[in-house]
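Indexing begins at 1, ligand by ligand and atom by atom, following the structure's order. Below, all heavy atoms of this structure are taken into account, side chains as well, without hydrogens, waters or symmetry copies.
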Amino acid sequence: MISVAIDGPSGAGKSSVAKKCAELFGFVYVDTGAIYRTIGLAAFNRGIDTKDSTAVISLLPELSIDLRYNENGEQRMFLSGVDVSGEIRRPEISMCASNVSAIAEVRDYLTDMQRNMAKRYDVIMDGRDIGTVILPDADVKVFLTASADARADRRYKELINKGSKVSYEEVLNDMKRRDEQDINRAAAPLKAAEDAVYLDTSSMSFDDSVKNVCRLISEKTGRQPK
Ligand code: DC
């Protein structure tokens with residue numbers, strides 16, 4: 001099985017680039033942030049303070065979380081049998097996801113789910129600790145990043161297109177706060193693996209980012225994109 005790990009901060013374009021590359025190589029795209037978001041949503045819906053690790057940990061045995069793929073090959077997240085793929089994208093859920101992801105027990109709870117995907121399929125998996133913790137032997141490791149302004153600008157446009165009423169400053173501040181928390185946590189912090197290829201997409205188009213990642217995958221695996 002081939003595995004490609006793409007890590008990096010929020011808004012660097014990981015998910016869109018990873019999704020496109022997965023389509024071109026015929027690999028399964030695994031968005032691990034969506035799994036943390038599902039736990040964040042579960043806690044939020046029950047009125048649990050997502051910073052209260054004792055309360056979040058006691059919720060874990062009651063959770064039923066499923067990662068499934070629909071007929072179009074899209075990843076969908078299910079919480080207690082209900083498709084929550086749309087809900088987990090709500091801006092207020094982003095910080096909840098970051099909060100629960102800082103809890104070591106939450107990360108342990110999700111490790112097998114992520115590793116099992118890589119055992120069963122050729123995958124492109126994106127997240128924060130894929131190359132460092134989840135798949136340390138991945139065939140390809142990319143650390144995809146961009147300046148804070150470029151990332152906030154992309155995220156802002158994405159949210160406005162979806163009809164959200166947010167200001168650019170709000171998006172920039174939320175993003176900085178979340179990245180700071182993801183970088184500084186003790187459990188599997190966001191960082192590049194020593195053997196990751198660093199790719200700064202600040203002044204790259206989407207197509208160029210895809211081309212660069214595809215080239216790396218081809219070089220390291222011998223596979224060719226469609
Ligand atoms: O990729 P995302 O923005 O959807 O991720 C939401 C949060 O989940 C992010 O702030 C940090 C956490 N996360 C993580 O800790 N480890 C991962 N592999 C993926 C996401």
Does E180 have more than 12 heavy atoms from other residues, nucleotides or ligands lying within 6.0 Å of its CD?
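Result for CD/E180: open.
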Does one side chain, of D207 or S205, offer a donor that lies under 3.5 Å from an acceptor on the other?
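Side-chain D/A pair, D207 to S205: absent.
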Enumerate donor-acceptor pairs with a distance under 3.5 Å from any side-chain N or O in residues 150-158 to protein atoms, sequence neighbours excluded.
{"unit_1": "R151", "atom_1": "NE", "unit_2": "A146", "atom_2": "O", "d": "2.8"}
{"unit_1": "R151", "atom_1": "NH1", "unit_2": "S10", "atom_2": "O", "d": "2.7"}
{"unit_1": "R151", "atom_1": "NH1", "unit_2": "D179", "atom_2": "OD2", "d": "2.7"}
{"unit_1": "R151", "atom_1": "NH2", "unit_2": "D179", "atom_2": "OD2", "d": "3.3"}
{"unit_1": "D153", "atom_1": "OD2", "unit_2": "K157", "atom_2": "NZ", "d": "2.9"}
{"unit_1": "R154", "atom_1": "NH1", "unit_2": "A12", "atom_2": "O", "d": "3.2"}
{"unit_1": "R154", "atom_1": "NH1", "unit_2": "T201", "atom_2": "OG1", "d": "3.1"}
{"unit_1": "R154", "atom_1": "NH2", "unit_2": "T201", "atom_2": "O", "d": "2.7"}
{"unit_1": "R154", "atom_1": "NH2", "unit_2": "T201", "atom_2": "OG1", "d": "3.3"}

Suppose the criterion is salt bridge (Lys or Arg N to Asp or Glu O under 4.0 Å): which pairs have a residue in residues 19-43, not counting sequence neighbours?
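Those involving residues 19-43 are K20-E23, D31-R89.
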Between V84, D66, N70, which is the residue that forms a side-chain contact (heavy atoms from CB on, under 4.5 Å) with R76?
N70
For a quick test of your reading: what N or O donor-acceptor pairs under 3.5 Å do the side chains of residues 53-63 make, sequence neighbours left out?
{"unit_1": "S58", "atom_1": "OG", "unit_2": "T54", "atom_2": "O", "d": "3.3"}
{"unit_1": "S58", "atom_1": "OG", "unit_2": "A55", "atom_2": "O", "d": "2.9"}
{"unit_1": "E62", "atom_1": "OE1", "unit_2": "R46", "atom_2": "NH1", "d": "2.5"}

Using a 3.5 Å cut-off on N/O to N/O, what pairs does ligand 1 make with the protein? A line per pair would be great.
{"unit_1": "ligand 1", "atom_1": "1 (O)", "unit_2": "R128", "atom_2": "NH1", "d": "2.9"}
{"unit_1": "ligand 1", "atom_1": "1 (O)", "unit_2": "R128", "atom_2": "NH2", "d": "3.4"}
{"unit_1": "ligand 1", "atom_1": "3 (O)", "unit_2": "R37", "atom_2": "NH2", "d": "3.3"}
{"unit_1": "ligand 1", "atom_1": "3 (O)", "unit_2": "R128", "atom_2": "NH2", "d": "3.1"}
{"unit_1": "ligand 1", "atom_1": "3 (O)", "unit_2": "R178", "atom_2": "NH1", "d": "3.0"}
{"unit_1": "ligand 1", "atom_1": "4 (O)", "unit_2": "R37", "atom_2": "NE", "d": "2.6"}
{"unit_1": "ligand 1", "atom_1": "4 (O)", "unit_2": "R37", "atom_2": "NH2", "d": "3.4"}
{"unit_1": "ligand 1", "atom_1": "10 (O)", "unit_2": "R178", "atom_2": "NH1", "d": "2.8"}
{"unit_1": "ligand 1", "atom_1": "10 (O)", "unit_2": "D182", "atom_2": "OD2", "d": "2.7"}
{"unit_1": "ligand 1", "atom_1": "15 (O)", "unit_2": "S101", "atom_2": "OG", "d": "3.3"}
{"unit_1": "ligand 1", "atom_1": "15 (O)", "unit_2": "R107", "atom_2": "NH1", "d": "2.8"}
{"unit_1": "ligand 1", "atom_1": "15 (O)", "unit_2": "R107", "atom_2": "NH2", "d": "3.4"}
{"unit_1": "ligand 1", "atom_1": "15 (O)", "unit_2": "R185", "atom_2": "NH1", "d": "2.8"}
{"unit_1": "ligand 1", "atom_1": "15 (O)", "unit_2": "R185", "atom_2": "NH2", "d": "2.9"}
{"unit_1": "ligand 1", "atom_1": "16 (N)", "unit_2": "R107", "atom_2": "NH2", "d": "3.0"}
{"unit_1": "ligand 1", "atom_1": "18 (N)", "unit_2": "T32", "atom_2": "OG1", "d": "3.0"}
{"unit_1": "ligand 1", "atom_1": "18 (N)", "unit_2": "R128", "atom_2": "N", "d": "3.1"}
{"unit_1": "ligand 1", "atom_1": "18 (N)", "unit_2": "D129", "atom_2": "OD1", "d": "3.0"}

